[in-house]
Number of protein chains: 2
Amino acid sequence: MDDAGVFVVKLQPMTSITPNANLYPASAMSSGSGVAASVAGASPTFSPLYQQIKSLITQSLQSGEWKPGELIPSEMELASRFKVSQGTVRKAIDELSAENLVVRRQGKGTFVATHHEARAQFRFLRLAPDEGVPHYPENRIIEVRRLRAPAEVARLLEIKSGDSVVFIRRVQSFSGVPTILDDLWLPGSIFKGLTAERLNEYKGPMYGLFETEFGTHMIRASEQIRAICADETVAQLLQIEKGTPLLNVERVSFTYGDKPVELRRGLYLTSQHHYRNELS
Amino acid sequence: MDDAGVFVVKLQPMTSITPNANLYPASAMSSGSGVAASVAGASPTFSPLYQQIKSLITQSLQSGEWKPGELIPSEMELASRFKVSQGTVRKAIDELSAENLVVRRQGKGTFVATHHEARAQFRFLRLAPDEGVPHYPENRIIEVRRLRAPAEVARLLEIKSGDSVVFIRRVQSFSGVPTILDDLWLPGSIFKGLTAERLNEYKGPMYGLFETEFGTHMIRASEQIRAICADETVAQLLQIEKGTPLLNVERVSFTYGDKPVELRRGLYLTSQHHYRNELS
DNA sequence: AAGTGGTCTAGACCACTTT
DNA sequence: AAGTGGTCTAGACCACTTC
């Protein structure tokens, strides 16, 4: 894939297309490169060069060319591959780094972000103890089941109603105190062979397992939070009184390409913990 | 303040101080500038040039040299003032823009962020309707009172226990339905002369009023969310049943320099709304 | 010593806005 | 036409890591 650069379109955004229109003439380009792509019939989506580079890098992440935890090529190498300057690659990687898709390490290189890392552990776990330092909870898998996706689940996962989904119920405890009841729905097509046993024997965050065992890396999630009261079933699982107020956290998680791959409904007991959020 | 540049220290971070040690020798600097600041006795905090520039710009924001909504000097002008290249100023402003302290507008310039803008309205209002598009709630001020700061309030506002604080209670409604009960505590020293009347006659977000009338612009906030049940008093104010589950949102808001200037406890009714949050 | 990302500068051209 | 921010390039040097 050495000639990936030919796909880079250096073009005027939002401008009428004229033959050989070229935003950045050769005099301003990397010396010795003859890249200027032809225009006719090109896709109607124009964007700055660094955005195109960013998109190409994202595609390589999505395709699995570079896997979570792995080192990606150096900025100089990518610049050479895409036939652009290092500065342009740099700006693309800057944004990917800001979005937590990659992690830069001075002197070592740029790595694909992974959930097998201390720094990623609490990015998707927002419940923190009122006193003391955050720590990771213990997991207890209550149930793993295959079922046909109900309409609402299918809609949010962007699959067809009735498609196979994996349902998981688990309880998470802090220092032995049951605190979180999670119900998860995962597309069956992606999470083939997921069993309670594998979930139980795996130590560490579930997103790490998803990443390693099913090639699915979560990049972002969208949550909706409401207050509810515990019903009989929930009260029993969390060992609390029926009617205890709980946070109801509905999450849709996305992998590369903003594809939804997890639906989660968490019930959080907030008598000793709180959901933390920074507004900025 | 044309010679502000003399305060810029171009130095090696994390390195033993040697006479005239200079990270960026004149050959790499703006031609014709003789800036290199002397070293002896300098503050022990070293950082990249653009961070120092960022800090200088922040100081001007904090001092009120440029007020919310106003245009700040162009990148070229700032570069000239601080005796650095435009690229360095640019990187400083990039970060300020990412932190929502300023807003760039191509062709027009860079403006100090303000809460009198549609784009800022929902940055600190996370409650959205389950159906339909978000819109701003109606305000009803229940009570405005001066009191002595209780210990907990004083601690969070970083003032002395017993110092004067302004207490505000208000109810916010969506389409006439009471949904949010807010209790606020504000440092009395900053919010002198704040009355129920002024709050009531002011239309628009309260942070806009704080900005215009009291020179206090909120830049970020930290929230802790829990689930509770409505007591008798709350139930009456929100016109709901006692025991209804509510979100309890505790917020500390900060102005320039990360100085806490507002403590807020919001109770959110989430039967028709939800608290939205993006994890990334 | 070599390679990586991090910082800084300089200069060019573009898109957008205002005069 | 002039001024602003936005993009792209090129080259230099630095800090950090590994060999």
Side-chain angles (χ1 to χ4, degrees), chain A residues 5 8-16 21-33 35-36 46-54 71-80 82-97 102-111, chain B residues 5 8-16 21-33 35-36 46-54 71-80 82-97 102-111:
Chain A
V8 176
V9 181
K10 304 189 179 185
L11 246 210
Q12 298 188 59
M14 311 298 292
T15 302
S16 66
N22 196 328
L23 183 53
Y24 305 103
S27 68
M29 289 164 52
S30 185
S31 63
S33 75
V35 174
F46 305 107
S47 62
L49 244 192
Y50 76 88
Q51 287 287 358
Q52 299 178 43
I53 302 302
K54 181 184 170 189
L71 185 66
I72 76 171
S74 74
E75 294 178 355
M76 285 300 293
E77 213 167 320
L78 290 170
S80 150
F82 297 132
K83 302 285 194 300
V84 298
S85 76
Q86 187 200 8
T88 299
V89 171
R90 184 161 191 78
K91 185 150 183 178
I93 296 182
D94 275 346
E95 290 203 355
L96 292 171
S97 174
V102 300
V103 176
R104 313 179 100 132
R105 289 189 201 155
Q106 192 175 16
K108 302 177 85 168
T110 301
F111 298 79
Chain B
V8 176
V9 181
K10 303 189 178 183
L11 246 209
Q12 300 187 58
M14 312 299 292
T15 304
S16 66
N22 196 328
L23 183 54
Y24 305 103
S27 68
M29 288 163 56
S30 184
S31 63
S33 74
V35 175
F46 304 108
S47 63
L49 242 192
Y50 76 89
Q51 287 287 359
Q52 299 178 43
I53 302 301
K54 182 184 170 189
L71 184 65
I72 77 171
S74 73
E75 294 177 355
M76 285 300 293
E77 213 168 321
L78 290 171
S80 150
F82 297 131
K83 302 285 193 300
V84 299
S85 77
Q86 187 199 8
T88 299
V89 171
R90 184 162 190 77
K91 185 149 184 179
I93 296 183
D94 276 346
E95 291 202 353
L96 292 171
S97 174
V102 300
V103 177
R104 314 179 100 132
R105 289 190 201 152
Q106 192 174 16
K108 302 177 84 171
T110 301
F111 298 78

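Here the structure is a predicted model, which means the values were calculated and not measured.
With a 4.5 Å cut-off on side-chain heavy atoms, Ile53(B) and Leu78(B) do not count as touching.
When every heavy atom of Arg104(A) is checked against every heavy atom of Ser97(A), the shortest pair comes out as CG-OG, 4.0 Å. Looking at every heavy atom in both residues, Lys108(A) comes nearest to Leu71(A) through O-CD1, 3.8 Å.
Taking only side-chain nitrogens and oxygens, Arg105(A) never comes nearer than 4.0 Å to OP1 or OP2 of dT4(C). Note on Thr110(B): a side-chain N or O is less than 4.0 Å away from OP1 or OP2 of dG5(D). Within the structure, a side-chain polar atom (N or O) of Arg104(B) is placed less than 4.0 Å from OP1 or OP2 of dG6(D). Put simply, Ser85(A) has no side-chain N or O that comes within less than 4.0 Å of OP1 or OP2 on dA10(D).
The interatomic distance linking Asp94(B) (CG) with dG6(C) (P) rounds to 15 Å, in whole Å. Put simply, NZ on Lys91(A) is 16 Å from C1' on dT7(C), counting in whole angstrom units. Counting to the nearest Å, the C1' atom of dG5(C) and the CG atom of Leu96(A) are 15 Å from each other. Summarising the geometry, the separation between CZ on Arg90(B) and P on dA12(C) is reported as 18 Å, rounded to the nearest angstrom. The CG atom of Leu71(A) sits 11 Å away from the C1' atom of dG3(C) (whole-angstrom rounding). Distance Gln52(B) CD to dG6(C) C1': 15 Å, rounded to the nearest Å. The CD-C1' distance, from Gln86(A) to dA12(D), rounds to 12 Å in whole Å. What separates NZ of Lys54(B) from P of dC8(C) is a distance of 13 Å, to the nearest Å.
Base pairing of dT4(D): its partner is dA15(C), meeting the Watson-Crick or G-U wobble criterion (both donor-acceptor distances under 3.5 Å). For dA10(D), the paired nucleotide is dT9(C), the pair qualifying as Watson-Crick or G-U wobble because both relevant distances are below 3.5 Å.
Separation of atoms CZ (Phe82(B)) and OG1 (Thr88(B)) is listed at 12.0 Å; rounding is to 0.5 Å.
Among dA15(D), dC8(D), dA15(C), the nucleotide with an atom closest to any side-chain atom of Gln106(B) is dA15(C). Of all nucleotides listed (dT18(D), dC8(D), dG6(D)), dT18(D) comes nearest to the side chain of Lys108(A). For Glu77(B), counting side-chain heavy atoms from C-beta on, the closest listed nucleotide (dT4(D), dG6(C), dT9(D)) is dT4(D).
Screening Lys91(A), Glu77(A), Glu75(A) for a side-chain hydrogen bond (donor to acceptor under 3.5 Å, both in side chains) with Gln86(A), the sole residue that qualifies is Glu75(A).
Within 4.0 Å (heavy atoms only), Glu75(B) reaches sugar-phosphate atoms of the nucleic acid but no base atom.
Judged by closest nucleotide on DNA chain D, Val89(A) is the one of Val89(A) and Gly107(A) placed further toward the 5' end.
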